[in-house]
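Notes for the one structure printed next.
Both backbone and side-chain heavy atoms feed into the values below; hydrogens, waters and symmetry mates do not.
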Amino acid sequence: QVQLVESGGGLVQPGGSLRLSCAASGEIRSINDMGWYRQAPGKQRELVAIITSGGSTTYADPVKGRFTISRNNAENSVYLQMNSLKPEETAVYYCYAEGIYSDSFTYDPTLWGQGTQVTVSS
């Protein structure tokens, strides 16, 4: 019932910026952690950043200082501001959520979005 929908991907030149958005839809009481993963062709999916419901953040080393993750608990949404993008960061970016409480009888340990393509190219 609960779905994660990403948006904001697209084509950007090296050094440019993009802002990704992810909104969880459905009857939701709360979400513990939300975050972003990415997967380049031929490579495994890797963690980009996570943020807890309390606002604590964790970033993968390659994106530290350039990416910023944030969330709006009231809207059940998470965002990823990506600055100074590099060509090697071309990938499908996936939103994820952990610990989704929909109601008293529904709980999803982990959910994934369908992904949004980010292409960094000149």
Side-chain angles (χ1 to χ4, degrees):
Q1 290 182 270
V2 177
Q3 292 182 313
L4 303 178
V5 181
E6 305 101 327
S7 62
L11 176 65
V12 64
Q13 65 180 352
S17 299
L18 280 177
R19 180 176 172 85
L20 304 182
S21 300
C22 173
S25 63
E27 187 66 29
I28 300 171
R29 291 183 178 273
S30 65
I31 301 174
N32 188 9
D33 299 338
M34 301 188 77
W36 295 90
Y37 285 70
R38 64 188 179 189
Q39 186 169 22
K43 295 186 177 181
Q44 74 275 18
R45 188 174 300 185
E46 64 178 6
L47 176 68
V48 178
I50 56 173
I51 183 168
T52 70
S53 61
S56 297
T57 59
T58 301
Y59 296 93
D61 286 340
V63 310
K64 288 181 179 177
R66 297 185 297 114
F67 290 13
T68 302
I69 188 170
S70 61
R71 66 187 286 173
N72 186 321
N73 291 336
E75 297 180 355
N76 296 309
S77 59
V78 63
Y79 307 91
L80 185 68
Q81 178 66 45
M82 305 185 294
N83 298 328
S84 302
L85 281 161
K86 305 174 181 180
E88 58 265 36
E89 293 176 312
T90 293
V92 177
Y93 284 69
Y94 296 90
C95 176
Y96 94 96
E98 183 178 16
I100 306 100
Y101 298 84
S102 298
D103 52 49
S104 297
F105 303 99
T106 304
Y107 171 77
D108 292 302
T110 305
L111 287 177
W112 293 90
Q114 78 284 353
T116 184
Q117 177 70 46
V118 172
T119 302
V120 186
S121 177
S122 60

Shortest non-hydrogen contact between K43 and Q39, atoms and distance: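 Heavy atoms only, the tightest pair is O-NE2, 3.1 Å.
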
Mind listing the closest non-hydrogen atom pair of M34 and V78 along with its distance?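 Nearest heavy atoms, M34 then V78: CE-CG1, 3.7 Å.
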
If you measure from [atom1] on [X] to [atom2] on [Y], what distance do you get to the nearest 0.5 Å?
{"X": "I31", "Y": "S102", "atom1": "CD1", "atom2": "OG", "answer": "8.5 Å"}
{"X": "T58", "Y": "K64", "atom1": "OG1", "atom2": "NZ", "answer": "8.5 Å"}
{"X": "T57", "Y": "I50", "atom1": "OG1", "atom2": "CD1", "answer": "8.5 Å"}
{"X": "Q1", "Y": "L111", "atom1": "CD", "atom2": "CG", "answer": "11.0 Å"}
{"X": "S122", "Y": "Q13", "atom1": "OG", "atom2": "CD", "answer": "8.5 Å"}

Verify the cluster assignment for M82 and Y94: are they in a single hydrophobic cluster under the rule of side-chain heavy atoms below 4.5 Å apart?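 Each belongs to a different hydrophobic cluster.
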
Same cluster or not: are Y59 and L20 linked, directly or through other Ile, Leu, Val, Met, Phe, Trp or Tyr residues, by side-chain heavy atoms under 4.5 angstrom apart?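 Yes; L20 is reachable from Y59 via cluster members.
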
For [X] and [Y], indicate whether the former's side chain and the latter's backbone hold a donor-acceptor pair under 3.5 Å.
{"X": "R66", "Y": "S84", "result": "yes"}
{"X": "D103", "Y": "E27", "result": "no"}
{"X": "R71", "Y": "T52", "result": "yes"}

Would you confirm whether the ring centroid of Y96 sits within less than 6.0 angstrom of the ring centroid of Y37?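 Y37 vs Y96: aromatic centres under 6.0 Å.
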
Surrounding CD of Q3 (heavy atoms of other residues, nucleotides or ligands, distance under 6.0 Å), is the total greater than 12?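 No, CD of Q3 has 12 or fewer neighbouring heavy atoms, counting only those of other groups under 6.0 Å.
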
